[in-house]
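Note on naming: letters A, B, ... go to the chains in the order of the sequence lines (proteins, then strands), and numbering restarts at 1 for each one.
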Amino acid sequence: MAQIKPSLAKGTRDFSPEEMEKRTYIFDTIRTVFRKYGYREIQTPSFENLGTLTGKYGDEGDKLIFKILNSGDFWEKAVPTDRDLHSAPKSGSNGFSSKSLLPLIAEKALRYDLTVPFARYVVMHQNEITLPFKRYQIQPVWRADRPQKGRYREFYQCDADVVGSESLLNEAEFVLIYQEALSSLGLTDFTIKINNRKILAGIAELLGKPELIVDMTVAIDKLDKIGLEGVSNELIVRGFTEGDVEKLKPVILLKGTNEEKLARLKKVLEGSETGLRGIAEIETVFEYLSLLSPADGGLENPDCQLDITLARGLNYYTGCIFEVKTNQVAMGSIGGGGRYDDLTGMFGLKGLTGVGISFGADRIYDVLEELGLFPAGAVQGTRVLISNFDEKAERYALPILQQLRKNGIAAELYPTAAKLKKQLAYADARHIPYVILIGEEEMQSGLLSLKNMQTGEQQKLSANELTGQLFLAQGL
RNA sequence: GUGGUUUUAGCUCAGUUGGUUAGAGCGCCUGAUUGUGGUUCAGGAGGUCGUGGGUUCGAGCCCCAUAUUCCACCCCA
């Protein structure tokens, strides 16, 4: 077989032991918070039937789904339809259009997010689950996107969703989950943006163009990037009039505290029942928040801001929308979510509402790395290495090795009687904080040498004393 | 999917108008130190210059294709 130069597929990464320890630290931190708020873990398969995923993420999203080629002689079984034969193919003359060919050669695809598989799960397990059902899920997802910084083709999402509960308490709790998890990870300056699709719908309605809500939102979402003028241009390109743009300006440029923004919006949206309902929802969320975190002042909490220019996943969100950004480094959003009134509807279970959030673990990793926020404790490897002088010392060390492990101390014995220099260099490279030296002298006295690799100090202790001391040092 | 950018030692990067044997720092290996790492000193190994074509007497450098990285758009975690 021809030798092939080793390489990674575009947008994928290997994770070394140290990276895995840090990643696990992130997952564990988020998991702990999810569990604290009553969410329970599920997992779903890496790939789903193609039909489960297509049509859920919009045209753009569909293009980014990784499809899995059928096994066997799929080509033999693929038969063009009359329609394919009559429409002129762009290239070649196999009789297919790429759209009609796809379902014939691929019937499976890698999951694109965790929300749609969750919706499928809920529908399939509706008779076993008790509503409201709160689940979290930490698994990789795949997108055939063009990679960039903080954008990978394989990455982990940490999702928490609840279905079967209309209560806005869920939304409020998600804000708290974000605050708690991100703070626990050491982030100090981040913004949780909140908006409501109904407010956006109300605005579009007042302009007399409810059908253009997506265009409107996509345009004003770019305010940060292209400025007011850019947004105005984009709005006009997307079918709005100069007059519409004038009416929109005060809304787009809305400033002040959440309270002030809400007060102004209330006036603007007086004529829209939908819009007012959106405002009422946001107000309720803020009210819950203030009751849940009285010390922080709730409504004035700087971490949660009403942002009317926030647009997200408009394909299925219907109520509150969230997005989390860190202000400490340049990075896309590190989390997002929202409410969807009828996610399970597309799988035949009508009228079940859901709301959820997602953490982008890989982006959080990049942020923590850039800020140097991983605590020393995040990388917890071997605590103590026992040196290996010769065969006799090795045999002497084995019971001690197990004694350490029985006490929960991660310990290893250097596997060969290499030069001590090499053994210590190994401990150093692995950041092992302690080394036990056992030579002729130690075996005779029964007092082992314990070397602290950080200070270089050595002391002589019996095996029992030593185990006790290392056990106590674990917590530090 | 569109436009641009990057790729040279394990890592981070130099490399002049195309010209002998492609360099540095860090890391790695060996020794000074027979039972002491992280400091110091001496020595050493390591490259098909992303890959495949082409131009040329001669290519790391020029041309074409392709992969990859990062960036902008699109979209998103």
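Contact annotation for Q423(A): no contact, since no heavy-atom pair falls under 4.0 Å across all strands. Looking at heavy-atom distances under 4.0 Å, Y152(A) makes contact with a base. Within the nucleic acid shown, G337(A) has no heavy atom closer than 4.0 Å to any nucleic acid atom. Nucleic acid contact for E323(A): none, since no nucleic acid atom lies under 4.0 Å from a heavy atom of the residue. Across all strands, L437(A) comes closer than 4.0 Å to base atoms (heavy-atom distances). Residue contacts for A427(A): at a heavy-atom cut-off of 4.0 Å it reaches no nucleic acid atom on any strand shown. Using a 4.0 Å heavy-atom distance criterion, G61(A) is classed as making no nucleic acid contact. Residue contacts for G439(A): at a heavy-atom cut-off of 4.0 Å it reaches a base atom on one of the strands shown.
Across C62(B) and U2(B), the matching C1' atoms stand 27 Å from one another, rounded to whole Å. Taking atom C1' in both U8(B) and A14(B), the straight-line distance is 10 Å, to the nearest Å. Nucleotides C70(B) and G46(B) are separated by 31 Å at their P atoms, to the nearest Å. The gap from the P atom of C63(B) to that of U7(B) amounts to 15 Å, rounded to the nearest Å. G10(B) and U51(B) have their P atoms separated by 13 Å, given to the nearest Å. Using atom P as the reference point in both C64(B) and U55(B), the two lie 15 Å apart (nearest Å). Across G15(B) and G19(B), the matching C1' atoms stand 14 Å from one another, rounded to whole Å. Nucleotides G25(B) and U20(B) have their P atoms positioned 22 Å apart, rounded to a whole Å.
The base of C75(B) does not come close enough to the side chain of R143(A) for any donor and acceptor atom to sit less than 3.5 Å apart. Under 3.5 Å, the side chain of D428(A) and the base of G37(B) form at least one donor-acceptor pair of N or O atoms. Side-chain atoms of K451(A) and base atoms of U36(B) include a donor and an acceptor less than 3.5 Å apart. Looking at R146(A), its side chain has no donor and acceptor atom pair within 3.5 Å of the base of U69(B). Below the 3.5 angstrom threshold, one finds no donor paired with an acceptor across the side chain of Q454(A) and the base of G37(B).
Taking the nucleotide of RNA chain B with the nearest heavy atom to each of D145(A) and I438(A), the more 5' of the two is matched to I438(A). Ranked by how close their nearest RNA chain B nucleotide is to the 5' end, Q157(A) and L8(A) are led by L8(A).
In terms of modelled atom types and a separation under 3.5 Å, the side chain of D244(A) and the main chain of T241(A) share a donor-acceptor contact. For the pair K63(A) (side chain) and D59(A) (backbone), a donor-acceptor distance under 3.5 Å is absent. Put simply, the side chain of S333(A) never gets that close to the backbone of V324(A): no donor and acceptor are under 3.5 Å apart.
Ring-plane geometry between Y426(A) and Y414(A) is classed as perpendicular, the angle between the planes exceeding 60 degrees on a 0 to 90 degree scale with a lower cut at 30.
Close to U68(B), at under 4.0 Å from its OP1 or OP2, lies a side-chain N or O of K10(A). Dashed line: the shortest gap from a side-chain N or O of Q148(A) to OP1 or OP2 of U69(B) is not under 4.0 Å. The phosphate of C73(B) has OP1 or OP2 within less than 4.0 Å of a side-chain N or O from K225(A). Side-chain nitrogen and oxygen atoms of K222(A) include none within less than 4.0 Å of the OP1 or OP2 phosphate oxygen of C73(B).
When the C1' atom of C76(B) is taken as reference, atom CE of M331(A) falls 13 Å away, rounded to whole Å. Between the CG atom of L385(A) and the P atom of U36(B) there is a distance of 16 Å, given to the nearest Å. Atom CZ in R153(A) sits about 7 Å away from atom P in U68(B), given to the nearest Å. In this structure, CD of E19(A) is placed 14 Å from C1' of C11(B), rounded to the nearest angstrom. C76(B) atom C1' lies 18 Å from atom CZ of F322(A), rounded to whole Å. Taking atom CG on D366(A) and atom P on C70(B), their separation rounds to 10 Å, with Å as the unit. I432(A) places its CD1 atom 15 Å from the C1' atom of U36(B), with the value rounded to the nearest Å. Here the C1' atom of nucleotide C73(B) and the NZ atom of K149(A) are 19 Å apart, to the nearest Å.
In this structure, Y39(A) has its ring center at least 6.0 angstrom away from the ring center of Y136(A).
The partner of C76(B) cannot be assigned: no Watson-Crick or G-U wobble pair with both contacts below 3.5 Å exists in any strand. When Watson-Crick and G-U wobble pairs are counted only if both distances are under 3.5 Å, A65(B) pairs with U51(B). Base pairing analysis places G43(B) opposite C29(B); the two distances defining the Watson-Crick or G-U wobble pair are each below 3.5 Å.
Which of C75(B), U30(B), U36(B) sits closest to the side chain of R151(A) comes down to C75(B). Of the candidates C71(B), G37(B), G35(B), the closest approach to any side-chain atom of K421(A) belongs to G37(B). For K419(A), taking side-chain heavy atoms from C-beta onward, the closest of the listed nucleotides C76(B), G31(B), G37(B) is G31(B). Of the candidates C75(B), G35(B), G31(B), C75(B) carries the atom nearest the V218(A) side chain, counting heavy atoms from C-beta on. Residue E60(A) has its side chain nearest to C75(B) when only C70(B), G31(B), C75(B) are considered.
Using a 4.0 Å cut-off between charged nitrogen and carboxylate oxygen, E281(A) and K198(A) count as a salt-bridge pair.
Between D362(A) and the options Q157(A), R151(A), R13(A), E154(A), a side chain to side chain contact (heavy atoms under 4.5 Å, CB included) holds for only R13(A).
Atom CZ of F47(A) has 12 or fewer heavy atoms from other residues, nucleotides or ligands within 6.0 Å.
For the pair L8(A) and D14(A), the minimum side-chain heavy-atom distance is below 4.5 Å.
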